[in-house]
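Scroll down for the structure; my scribbles are underneath it.
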Amino acid sequence: MRADTAWKTLAADSTRGWFDLRTEDLGDVPVRIFMTRRLLEDLEDGVYRQIVNATRFPGVRMVCITPDAHFGYGVPVGSVIITDGSIAMGPVGYDIGCGMVSACSDVPASAATPDACLRFNREVIARIGMGAGEAGRTARLSGIDRDEFQRIIRGGAEYYVARYGERVDRQRAERDVLPVDDGWDVPWHGEGRPERGVTQLGSLGGGNHFIELQRNQEGRIFLQVHTGSRGFGHGMATNYFQMARDERPAEITHLDLGYFTPDSVHHRSYLNAVAAGANYAIVNRLAIFEEIAAAFRTVFKADLELVYEISHNLVQREWHPELGEVWVHRKGATRALPAGHPQLAGTVWEQTGHPVLIPGSNRDWSYILRPLPGAVESGFSVNHGAGRRMARAQAMRALSQDAVDREYRAAGILVNTDGRVPLDESAAVYKSSREVVQAVTHAGLAEVEHELWPIASVKAMDARRPRRTRGVRDLSTSQRHGRSRSR
DNA sequence: ATGTGC
């Protein structure tokens with residue numbers, strides 16, 4: 001293995017806005033890194049080993065690294081792994097189907113007064129369970145039984161909209177429904193306990209999941225949501241990892257390294273789990289969106305219209321002009337199909353390409369992009385956010401709660417209802433979203449359609465962190481000695 | 001990401 005510190009000098013600038021990486025560690029798998037030289041220089045050295053991992057699954061045809069990439073589980077968060085048959089687990093991740101919703105309104109940002117923002121965040125928090133382990137609270141989805149849950153994870157957006165949806169246009173969801181075989185069932189039994197998902201439908205979760213009110217470049221109010229498949233996807237990933245390890249105990253020791261070749265008895269079964277997890281995540285996002293739209297009507301007396309819903313943790317069968325029919329794993333990467341892509345035929349996006357939803361931190365720009373024909377060079381993929389640049393534990397040590405809270409208040413951004421900013425999710429821990437998106441536009445993968453600035457942010461405070469009373473000195477051990485895992 | 005760890 002090449003020294004971790006030397007590899008960056010081997011990345012050859014293609015002059016087209018990306019680097020082609022060729023080292024003996026990668027075999028003959030093409031690796032493209034879509035970064036500026038500066039973003040590449042700032043990348044943690046450990047990412048090289050994870051890029052090598054990404055090329056080592058059976059049947060890998062191509063690997064792309066997006067400009068927001070950072071250290072992840074086995075492969076970088078921000079990687080696109082294209083195979084001709086094998087399905088890898090790390091490159092889908094624990095949060096199967098995690099993704100974004102964007103919505104817009106005609107309401108001028110001037111209506112988002114401090115009082116209106118406070119009422120909005122209060123309404124949202126009352127309606128949407130947030131934080132690890134929290135159950136959903138949406139009236140329509142709480143109390144559903146196991147049979148109805150089965151219909152939801154098999155029917156996806158199509159079933160949800162027909163049965164529950166009030167004002168969702170299915171054309172604005174990336175996938176109506178991912179097909180699940182009748183003969184397949186959820187791996188209920190196992191330590192992963194995916195049944196947690198039954199009561200968690202309609203909840204936001206923790207970590208980097210959020211709800212955010214924004215204003216666009218014309219001064220209209222927009223909204224973004226980031227969430228996934230909660231305990232359901234996590235539980236299934238855990239149980240399938242056990243199956244992968246049992247199948248190849250000598251080789252597969254970490255979930256990062258788990259995979260199923262086409263001849264594995266679990267190959268199709270795992271794809272069913274990915275489809276069910278993605279259907280759950282999509283319904284979760286649509287249900288949360290509708291709940292937020294109700295909160296928005298209460299506060300702003302106006303409608304929020306869905307712009308788009310899209311996942312950035314998924315493996316899907318796709319067509320590529322040079323690679324043919326392939327499996328595209330996107331681990332913290334967003335699909336970007338431009339106008340004329342055959343998979344958009346017959347949809348409302350045929351002439352334009354579909355929207356691409358890119359969040360920045362809650363004190364930085366977020367974006368809605370439009371894919372360009374050049375996206376063929378990245379396997380029809382772009383970044384999924386700004387990308388973490390500071391580990392959570394480091395953030396807890398390095399940042400002052402009061403100083404960060406003051407910065408947000410001065411910027412006019414309300415976080416939750418008390419203005420206390422989760423430090424390990426604050427602006428300083430993320431790369432500049434503008435710099436990351438410029439790497440995408442410079443490479444000709446997409447163009448900017450909307451630039452969105454945060455107004456009000458809802459995000460769970462890490463439950464492990466002791467609550468500090470204002471004005472009282474904090475001597476808790478977790479503030480002084482955090483753990484050093486980045487995600 | 002997560003019934004969120006050493």
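Below, chains carry the letters A, B, ... as their sequence lines are ordered, and counting in each starts from 1.
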Could you check how far [atom1] of [X] sits from [atom2] of [N], rounded to whole Å?
X      : N     : atom1 : atom2 : answer
A/R392 : B/dT2 : CZ    : C1'   : 11 Å
A/Q242 : B/dT2 : CD    : C1'   : 17 Å
A/H209 : B/dT4 : NE2   : C1'   : 13 Å
A/D424 : B/dT2 : CG    : P     : 13 Å
A/M396 : B/dT4 : CE    : P     : 18 Å
A/L204 : B/dT4 : CG    : P     : 17 Å
A/I96  : B/dT2 : CD1   : P     : 12 Å
A/R193 : B/dT2 : CZ    : C1'   : 12 Å

Qualifying side chain to side chain donor-acceptor pair (under 3.5 Å) pairs, either residue in residues 274-285 of chain A, two or more places apart: A/R285-A/E309
Can you list the residues that meet the side chain to side chain donor-acceptor pair (under 3.5 Å) rule with A/N239, with sequence neighbours excluded? none
Can you check whether A/R335 reaches A/E318 side chain to side chain, under 4.5 Å on heavy atoms?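 Yes, their side chains come closer than 4.5 Å.
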Salt bridge (charged side-chain N to carboxylate O under 4.0 Å, His left out) with A/E425: which of A/R420, A/K459, A/R363?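 Testing A/E425 for a salt bridge (charged side-chain N to carboxylate O under 4.0 Å, His left out) against A/R420, A/K459, A/R363 leaves exactly one candidate, A/K459.
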By the 4.0 Å heavy-atom rule, please label [X] as base, sugar-phosphate, or nothing.
X      : result
A/G207 : sugar-phosphate
A/Q200 : sugar-phosphate
A/G93  : nothing

If each of A/D95 and A/G131 is mapped to the nucleotide of DNA chain B with the nearest heavy atom, which maps nearer the 5' terminus, i.e. the 5' end? A/D95
